[in-house]
Amino acid sequence: MQVSTGLARLSRNERTQDALLWFVALHAHLAYSASGWVKLTGRQWRSGHALSGILRTQTFGAERIYRLAVRHPQLSRCTQYAVLGLECLFPLVSCTGGRLTRVFLGATTGFHLVTGFVMGLGRFATAFPAMHPAVAYTSTPRSHRAVAGRDDSTAGATALLVTAAAVGGAALMAYRRLVVLRGRPTSQPVVTRHGNTLACDVAGKESGAPVVVFCHNVASTSEDFAWVTEWLTSLTGVEVVTYSRAGYSASIRRARGPYRSPESVDDLEDLVRAVVPADRGVLLVGHALGSELARRAASRLSGRLRGLVYITPAHLTELRSSIHASAGNSRFGRTLSSTATWLRLGSGVLLSRPDWLGSLPKASQRSALAQYTDARLWQAAQREWSSIERELTDHSEPVEPVAAPALVITTRQAVDRDPREIPYCEELLRGHEAEHGNNLRVVEGPDHQTLLVDRCHAYEAARLIAQFIEETGRRGG
Amino acid sequence: MNRLMLRGTRRVGSDSIVRWAAAAALVASVFAQHPHRSFNRIRRRDPWSLVPDYRFFAPEPSTQDFRFAYRTVDRAGRLGKWQEIDTTERRRGYHGVWFPNRRPEKAVFDICNSILLTAARVNLADIHQTLPYQLAAAFTLSNIFRESGVEEIKAFQFSIASVAEYDPEDVPDLSFVSPLIDPLSPWVATGQ
C-alpha cells in the first residue's frame with residue numbers, strides 16, 4: 001500500500017495516480033470482504049463461538065473481556081455477527097454510490113481501534129484506515145466535482161482479468177475432466193453385476209505365476225502402483241492388473257441406491273472373474289483401505305487365491321474408536337467433504353500439486369494430477385469413507401479367516417508413530433492360513449504414500465511381493 | 001499514409017502498464033484467499049509472500065495458547081526441571097498503541113503452530129531437519145545460554161503444551177516433546 005500511494009504521489013500522470021489509488025481501494029474491499037466470507041466457511045464463526053474462543057487466549061484475548069463474553073453469550077454472538085456483517089458487506093461502499101462510505105469507514109475504524117486495544121493488534125488500527133482515503137476517493141460518484149475526470153478503468157480491467165482467469169480455470173478443469181474420463185489408452189472396460197463399468201489395465205506376459213491384482217486406497221489412484229507394476233512386469237514377467245474403483249478415473253458408477261462397501265467387493269470379484277482366466281491363480285494386493293476390500297474379496301476367490309498382500313493396512317480397530325470419538329464427523333471425512341465441495345464449485349485449478357506427484361513416472365503424472373484435481377475422485381472417496389464410517393459404527397464384523405498366505409508390508413514411520421502397528425499387522429496375519437508362511441516386512445524410510453510413489457521404495461515393495469510370490473509358489477508345490 | 005497509420009496506432013502509456021499490472025496483482029490476491037488451505041497454488045509460487053493474506057482468524061480461529069518449556073541434562077546425566085519460557089504478555093491498555101513484544105510473541109506462536117503441523121506429517125526421526133524445529137531449538141538454546149550458560153549442559157529438550165490461558169476449565173495438553181538435543185550440534189538427530 002505504501003508503495004502504491006508513494007508511486008501515486010511521485011507520478012505526474014493523473015490516470016496513473018487514479019490506477020494506483022484504485023489498486024489500494026480494491027485491496028481494501030478485498031481485505032474486508034475476503035476476511036468476512038472466509039470466516040463464514042468456518043464452523044466456529046457460523047455457530048457464534050469464535051469470538052469467545054479467541055478471547056480466552058492470552059495471545060489474542062483479554063481476560064476481562066473474555067469473562068464478559070462468558071457472562072453474556074448473546075452479546076458475544078451479536079458482536080461477532082456484527083463484525084461478520086461489516087466485513088462481508090463492505091463492498092456496498094462502492095455499490096451504493098458512496099452513500100454508505102462514511103458509515104462503513106467509521107464502523108471499520110472503530111472496529112480496528114477496539115481490536116487494537118483488546119487483541120493487541122494496534123498495527124491494524126493504522127494499516128487498514130490508511131487505505132480508507134483511497135476508498136473514499138474511488139467510491140465518490142463521478143458527478144461530484146471533487147473527483148471530476150477520475151479514471152475508473154482499473155476497476156474494469158480488474159473485473160475483466162478476474163473473469164478471464166475464472167473462465168480459463170473452468171476451461172482447464174473441463175479439459176482435465178476429459179482426461180480423467182478418457183482414461184489410459186490401454187484400459188479395457190469391465191461391466192460388473194451392479195452395472196458399474198470399471199476401467200482396468202492388464203500388463204505383463206502370461207506365465208504360470210498368479211496374476212497380481214492391485215486395489216488402490218481411498219482418495220487415491222491406480223497410478224500409485226506404476227513403479228511397482230513396472231518392476232514386476234519387467235523383472236519377473238508376472239501379469240498384473242490395475243483398475244480404478246467405480247467413480248474413480250474412467251470407471252463409472254451406475255449402481256442405484258446408496259453406496260455400501262460390499263458393492264466394491266462385488267466389483268473386485270467380478271473384475272477378477274472377467275479379466276483373469278479361470279485356470280490362473282490370483283494374488284490380491286491392497287493399499288491401506290484398499291487392502292481391506294481385497295481381504296473381503298479373498299474369501300470369494302478362495303479356490304484361486306494364491307495370497308494376499310497388505311501394503312500399510314488400515315487399522316480397523318483404531319478407525320472404529322476414532323470414528324466413535326468423533327461421532328461420525330472425523331477430520332478425514334471433513335477434509336474429503338470440503339475438498340469435494342470446493343472442487344465441485346470449480347476451484348480445482350487452485351489446488352496445489354502435491355509434492356509426491358513428481359515422484360511418479362512421467363507417463364502417470366498427468367493422469368494422476370487430472371484425477372487429483374477433479375471432483376470425481378473426492379466424491380467417490382467421500383462416498384466410500386461415509387460407508388466405512390457407517391459400517392464401523394453400526395456393527396463390528398468378525399474377521400473371517402482367509403485360506404491363503406499373506407504378506408504385510410508396512411513402514412518404519414508407521415511403526416515408530418504407533419506402537420499398535422506391529423500388533424495389528426500380526427493380528428491380520430493370524431487371520432490367514434499359516435502353513436504356507438505369513439510374513440511381516442518393515443520398509444525403512446518412507447511413509448504410507450511414498451512407499452508406493454517413490455521409485456526406490458516402490459521397487460523394494462515390488463521385490464518383496466515378487467519374493468512372496470516365489471515363496472508361496474514353492475511351498476504350494 | 002504514414003501519418004494515417006500513426007494516427008491509428010494508440011501508444012501504450014505508463015498509466016496502461018500500471019493499470020494492467022495493478023489488475024493482475026489484484027487477480028492474484030483474489031484467488032489467493034481461498035478458504036481451503038490446500039487450494040494454495042498461488043501462494044506456493046510466491047516465495048517472497050508478496051500476495052497479501054486477508055484470512056485473519058479464518059476459517060477456524062486458533063482458540064489456544066502455546067506454553068513453551070525446556071529442560072536440560074547436565075554433564076552427570078541428571079535431568080533438570082521443566083522451565084517455561086513465557087513469551088506472551090497479559091493485555092494492557094497501552095498495547096493498542098505500543099506493543100513491541102508482539103513480534104517475538106507472534107513468532108513463537110507461529111513456530112509452535114508450525115512444529116505441531118509438521119510433526120503431524122513428518123517422521124519424528126526427521127523433524128530435526130525442518131525449519132520450525134531448528135528455530136525452536138535455537139530459541140531454546142539462546143534462552144539457556146542467557147539463563148545459565150551451556151558449559152555444564154550435556155543435552156536439552158523442549159516441549160509445547162496447548163492451553164487457553166484465560167479459560168479455567170481448559171486442561172493443558174502436552175502437544176509435542178522434542179528428543180534430547182546436543183547443544184553443540186542442535187540440528188543433528190540424537191536418536192534419543
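Side chains are part of it too, since the values below use all heavy atoms of this structure and drop only hydrogens, waters and symmetry mates. Order of the sequence lines fixes the chain letters, A, B, ..., with proteins taken first and strands second; residue numbering starts at 1 for each chain.
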If I measure from the heavy atoms of chain A, does [X] come under 4.5 Å with its side chain, its backbone, both, or neither?
X        : answer
B:Phe66  : neither
B:Arg90  : both
B:Phe31  : both
B:Phe109 : side chain
B:Thr88  : both
B:Gln33  : both
B:Ala21  : neither

Using a 3.5 Å distance criterion without hydrogens, assess whether the side chain of [X] forms a donor-acceptor pair with backbone atoms of [Y].
X        : Y       : result
B:Asp167 : A:Arg56 : no
B:Asp65  : A:Gln58 : yes
A:Trp45  : B:Phe57 : yes
A:Thr41  : B:Pro59 : no
A:Arg15  : B:Ser14 : no

Between [options], which shows the greatest number of heavy-atom pairs under 4.5 Å with chain A?
options                             : result
B:Ser38, B:Gly93, B:Ala24, B:Pro52  : B:Ser38
B:Glu89, B:His36, B:His95           : B:His36
B:Val18, B:Asp170, B:Leu26          : B:Leu26
B:Asp53, B:Val163, B:Val27          : B:Val27
B:Pro61, B:Ala58, B:Ser62, B:Ala164 : B:Pro61

With a cut-off of 6.0 Å (strictly less than), are more than 12 heavy atoms of other residues, nucleotides or ligands near [atom1] of [X]?
X        : atom1 : result
A:Tyr81  : OH    : yes
A:Glu444 : CD    : yes
B:Arg103 : CZ    : no
B:Arg78  : CZ    : no

Are B:Tyr54 and A:Tyr32 close enough that their ring centers fall under 6.0 Å?
no
Ring centroid separation A:Phe117 to B:Tyr94 under 6.0 Å:
no
Determine whether [X] and [Y] make a side-chain contact, defined as any pair of heavy atoms from C-beta on separated by less than 4.5 Å.
X        : Y        : answer
A:Arg43  : B:Glu60  : yes
A:Leu350 : B:Asn40  : no
B:Phe99  : A:Leu121 : no
B:Trp20  : A:Leu161 : yes

Need one label for [X]: side chain, backbone, both or neither, based on atoms under 4.5 Å from any heavy atom in chain B.
X        : answer
A:Leu40  : neither
A:Arg123 : side chain
A:Asp151 : side chain
A:Val118 : backbone
A:Ala125 : neither
A:Thr339 : both

Quick one: pull up [atom1] in [X] and [atom2] in [Y] and give me the separation to the nearest 0.5 Å.
X        : Y        : atom1 : atom2 : answer
B:Tyr166 : A:Thr57  : OH    : OG1   : 7.5 Å
B:Arg41  : A:Ser347 : CZ    : OG    : 12.0 Å
A:Ile54  : B:Gln64  : CD1   : CD    : 13.0 Å
B:Arg45  : A:Ser352 : CZ    : OG    : 9.5 Å
B:Asp15  : A:Glu14  : CG    : CD    : 11.0 Å
A:Phe60  : B:Lys106 : CZ    : NZ    : 5.0 Å

Ignoring hydrogens and geometry beyond distance, is a side-chain donor-acceptor pair present between A:Ser153 and B:Arg19 at under 3.5 Å?
yes
Between A:Asp355 and B:Arg44 (salt bridge meaning N to carboxylate O under 4.0 Å), is one present in this structure?
yes
Under a 4.5 Å cutoff for heavy-atom pairs, which residue among A:Thr411, A:Val349, A:Thr158, A:Leu351 has the most contacts with chain B?
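Winner by heavy-atom pair count: A:Leu351.
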Give the member of A:Thr59, A:Thr154, A:Leu7, A:Thr16 that has the highest number of heavy-atom pairs under 4.5 Å with chain B.
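Heavy-atom pair counts peak at A:Thr59.
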